[in-house]
Amino acid sequence: MEEKFPVRKIIHVDMDAFFASVEQLDDPGLRDKPVAVGGGEKRGVVAAASYEARKYGVRSAMSGRVAAERCPELIFVKPRFDRYKEISLKIRKIFLDYTDLVEPLSLDEAFLDVTENKKGMPSATLLATEIRQRIYEETGLNASAGISVNKFLAKVASDINKPNGQKTIPPEEVLEFLEGLDIRKFFGIGKVTAEKMYQLGIFSGKELKARSLEFLTEHFGKSGTHYYHVVRGIHHSKVTPERIPKSVGAERTFEENLSSEVFMLEKLTHIAEELGRRLKKQKVAGKTITLKIKYSDFKTQTRSRTLGYYIADQSLILELAKELLYQETLENSVRLLGLSLSNLNTGNTEEEPEEETALTVQLRFEF
Amino acid sequence: MKFIVSSSYLLKQLQVLGGVINSSNTLPILDNFLFELDGNKLTVSASDLETTMSAVLEVDSDSQGSIAVPAKLLLDTLKTFPEQPLTFVVEDNNTVEISSNYGKYALAYADGAEFPNTIELADPSSTTILGDILATAISKTIFASGNDDLRPVMSGVFFQFSPENLTFVATDAHKLVKYQRQDVQASEVAEFIMPKKPLNLLKNILAGSENEVTIEYNESNAKFTFENIELVCRLIDGKYPNYEAVIPKENPNRLSIDRVQLLNSVKRVSIFSNKTTHQIRLKIAGAELNISAEDLDYSNKAEERLTCDYQGDDMQIGFNSRFLMEMLNNLASEEVSLEMSLPNRAGILTPSDALDEGEHITMLVMPVMLNN
């Protein structure tokens, strides 16, 4: 096994209370004070809380009202995402001095694979210290880091000595560390899964490890396999540098195969919503919409349409998707529907070559 | 503010209104239902700013008030109840408490005053029409409307009222449907373009309805009132294309054929057509209709022969098979007639039977220029 999967060195860098720290950095009046970014409006939620505010129990994703109750002196500031992005890019540049294998998770955290790094440094621990030092020097912000043999462990480790600290879990300590780890700290185990684990008598890595693969897949499906491996220190997920996507899509497999378009409309609405959300998140729009239909016999069909302009609006996507759905009769009952947009306005994708001079011309009314 | 209402009655009404609510709103208040209580009359509204629909419900109450309740949360809750009375009590701490046979649920509400005001129509004209007729008019036309952002007028259905008849038209510049009712009239001439979303809502609610719908309209808005429901929407601004001008008057070539037979042939043959143009070829000579398609990229080819009733010159004409199928599918008649003049002029498809007294349907489809 060692040979097949050589030990990697992964660093997870996580900025401490990033948004709030940026605000405190830019406005000295906010330093050492409880600050919440976002949540100022009536129905807003706190996007980030400074460490001073966390002492009062203010957490991110908490409603502004609750936060203000917990900490009456709390100062609400409006988020300035452009500024956070600017700093985030600065930090990313630092990362790239060490390795090209940088996978940003969000504006304030990233995975770095430093197994082979540009500085030729053998110690990932020292490298992490240096990176954190440089982040502080160049931005004035504190970062925490976790160093270990895979992404999962690095992520868990970065939380341990937070804020402004780091933790290394060396290969020989991995198994022991995982056995003692609270099940709720496992990356990928949320509240609901943790609750389920508790009911099954699993409270820490040790109990999780004691369960068979069959038991875990029976209770947690596919994720069961993931948990089974992760607790044994196996997590092969690669650090993948951000790529500019060629297309954005969303799809859904149904619990039961559907045989009529009517039943698919609701599903299609959800898929279009999800796609709309993803497009919004990635701030892209596309010209070509493709509907993917996987039949119950796993035969896959795609129907697409290219427009003369970019779209990203979910209601428009839904309209077009419906058209594509009704464009032809279904061959069989359907197990999966998917929607994707390609020909994105990301600038670097080559436009599909215009269709060759059409042999046929669809005539239009002369309005 | 407090009222008691039957859970299934409330759910039924809210599900109808819920169709108005967009799944993602820029204005968070639009994620809510507006509840306006006045004694035993509860008016519930939903809006996406373009369209606002409200329903008046009978409830048991003697109080007044106006609150906005999160729509999704409420619908999800109501769906789980078997029929039973529910008590809604508005508490001081900005929550409304619902009591069921099983327990209590508290929902945060917003002040009803935050909800956008429904548009009041300034001196409207009005017409009444039977619910089912309106639903039919919508479903016969809406499929032909376009999705082109550059021509927003064509993304709706054109309502044309006159003292002689009511006419509904939709087109995307490739196909066109004109649906006319001689048996319903308006007091004066009026024209407006209805957007698709409210029409789809109306179509679903009104299908089969024996109730009268009152349509009020002015320059910018239309209001549909029926039973306990009121729908107000903004109209599409702009001038509808002069569709009458594109309906060919002289059509010497006339084909009559069984609708289902033609539809099935087109369906089969179209499988072999080019995947981007969906083009099929109709060749008519004597009493024979030859339908063929080929996809040169894959050397796929199909050809069928049908017997038909044809008067006119021998001719060849190409169509996008999707358009033909959509149109044939939307008709209910046993037989259809296709009138044509030249291979580059619109074909006119009409049903030969299965129409109500005073009902007229004309469908136009532009051909694809054949490359011989």
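Only a predicted model underlies this, so the values are computations on that prediction, with no experimental measurement involved. These values consider heavy atoms only, across backbone and side chains, with no hydrogens, waters or symmetry-generated copies.
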Quick one: what part of [X] sits under 4.5 Å from any heavy atom of chain A, side chain, backbone, both or neither?
X	answer
B:Thr171	side chain
B:Ala245	neither
B:Asp148	both
B:Ile271	neither
B:Asn242	backbone
B:Asn274	neither
B:Phe143	neither

Atom [atom1] in [X], atom [atom2] in [Y]: separation rounded to 0.5 Å?
X	Y	atom1	atom2	result
B:Asp172	A:Phe365	CG	CZ	8.0 Å
B:Thr276	A:Gln362	OG1	CD	12.0 Å
A:Lys280	B:Ser24	NZ	OG	4.5 Å
A:Arg277	B:Ser23	CZ	OG	8.0 Å
B:Ser270	A:Glu328	OG	CD	6.5 Å
A:Lys322	B:Asn147	NZ	CG	10.0 Å

Locate the shortest heavy-atom distance separating A:Leu363 from B:Met366; write the atom from each residue and the value.
->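 So the two residues come closest at O-CB, 3.1 Å.
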Considering only heavy atoms, which portion of [X] lies under 4.5 Å from any heavy atom of chain B: side chain, backbone, both, or neither?
X	answer
A:Leu316	side chain
A:Gln327	both
A:Thr329	side chain

Most chain A-contacting option - heavy-atom pairs closer than 4.5 Å, from B:Leu176, B:Asn329, B:Asn22 =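 The residue among B:Leu176, B:Asn329, B:Asn22 with the greatest pair count is B:Leu176.
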Return the option, out of B:Lys275, B:Arg151, B:Met154, B:Lys175, with the maximum number of heavy-atom pairs under 4.5 Å with chain A.
->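 Maximum pair count with chain A is reached by B:Lys175.
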Count the heavy atoms belonging to other residues, nucleotides or ligands that lie under 6.0 Å from [atom1] of [X], then report whether that count exceeds 12.
X	atom1	result
A:Arg54	CZ	yes
A:Lys196	NZ	yes
A:Glu73	CD	yes
A:Glu256	CD	no
A:Phe263	CZ	no
B:Asn300	CG	yes

